[in-house]
Amino acid sequence: MPGLLMMLAQVSIGLYMGVMLDPKKLSATKELMPYIFSGIVLMIGVSVVVAWSLSERYGFSLVTAFLAMAPGGIAEMCLAGMSMGEDVSIILTYQLVRLLFLNICVPLGITMYFKNKSLD
């Protein structure tokens, strides 16, 4: 795809997203910023600790282990790993396990939690 066409597509998507923003909701977001940033720092911190333990235990490079544990899209983490020359199969495997866990175990756990709450 030509560079100019790609740039125009990105600008038009950005403009569309900007027009869809509600100024009232943006001002309400200011109150949530400390919670948002602390959540981000916590997620990245946990990812770094788990990545370090994986790299120590299994001998992965720290970058491979971090990309395998990092919150984010599977495609983005694999592309980042591929561009850095890391082991994409390990990254993809751990990301898929994370995705399956979140899509299977978490809803089941939430359902069981709320079933037990309704019995009380």
* Asked: Considering all heavy atoms of both residues, which atom of I91 and which atom of E86 are nearest to each other, and what is their separation?
  -> CD1-CB, 4.3 Å

* Could you check F60 against D87 for side chain to side chain contact (heavy atoms under 4.5 Å, CB included), going step by step and ending with a plain yes or no? => CA-CA 8 Å; F60 305 148; D87 193 348; over 6 Å; no

* Same hydrophobic cluster for W52 and V41, using side-chain heavy-atom links shorter than 4.5 Å among ILVMFWY? -> no

* Asked: Mind checking whether L100 and V97 sit in one hydrophobic cluster, side chains of I, L, V, M, F, W, Y counted as touching below 4.5 Å?
  -> no

* Stepwise side chain to side chain contact (heavy atoms under 4.5 Å, CB included) test for L67 and M84 -> CA-CA 11 Å; L67 289 174; M84 291 185 252; 3.9 Å; yes

* In terms of hydrophobic clusters joined by side-chain contacts under 4.5 Å, are I36 and M43 together? -> no

* To do: Find out whether E76 and L79 are in side-chain contact, i.e. whether some heavy atom of one side chain is under 4.5 Å from a heavy atom of the other.
  => no

* Asked: Shortest non-hydrogen contact from I44 to F66?
  -> O-CE1, 4.3 Å

What pairs of donor and acceptor atoms, side-chain ones from residues 12-23 against any protein atom, are under 3.5 angstrom apart with sequence neighbours left out?
| from | atom 1 | to | atom 2 | distance (Å) |
| --- | --- | --- | --- | --- |
| S12 | OG | L8 | O | 3.2 |
| S12 | OG | A9 | O | 2.8 |

* Cluster link V63 to M69, ILVMFWY, side chain under 4.5 Å -> no

* Is there a donor-acceptor contact under 3.5 Å from the side chain of Q95 to the main chain of A68? -> yes

* Sub-4.5 Å side-chain heavy-atom contact between V106 and F101 -> yes

* **Close side-chain approach of Y94 and L54, heavy atoms under 4.5 Å** => yes

* Report the distance from atom CD of Q10 to atom CG of L5, rounding to the nearest 0.5 Å. => 10.5 Å

* Structure fact -> Nearest heavy-atom contact between A70 and M77 is CB-SD, 3.7 Å

* Straight-line distance of I90 CD1 to S61 OG, nearest 0.5 Å -> 8.0 Å

* **Smallest separation among heavy atoms of S47 and P71, with atom names** => OG-CD, 3.3 Å

* Going hydrophobic residue to hydrophobic residue with side-chain gaps under 4.5 angstrom, can you get from I104 over to L102? -> no

* Asked: Below 4.5 Å, heavy atoms only, C-beta onward: do S89 and L92 meet side chain to side chain?
  -> no

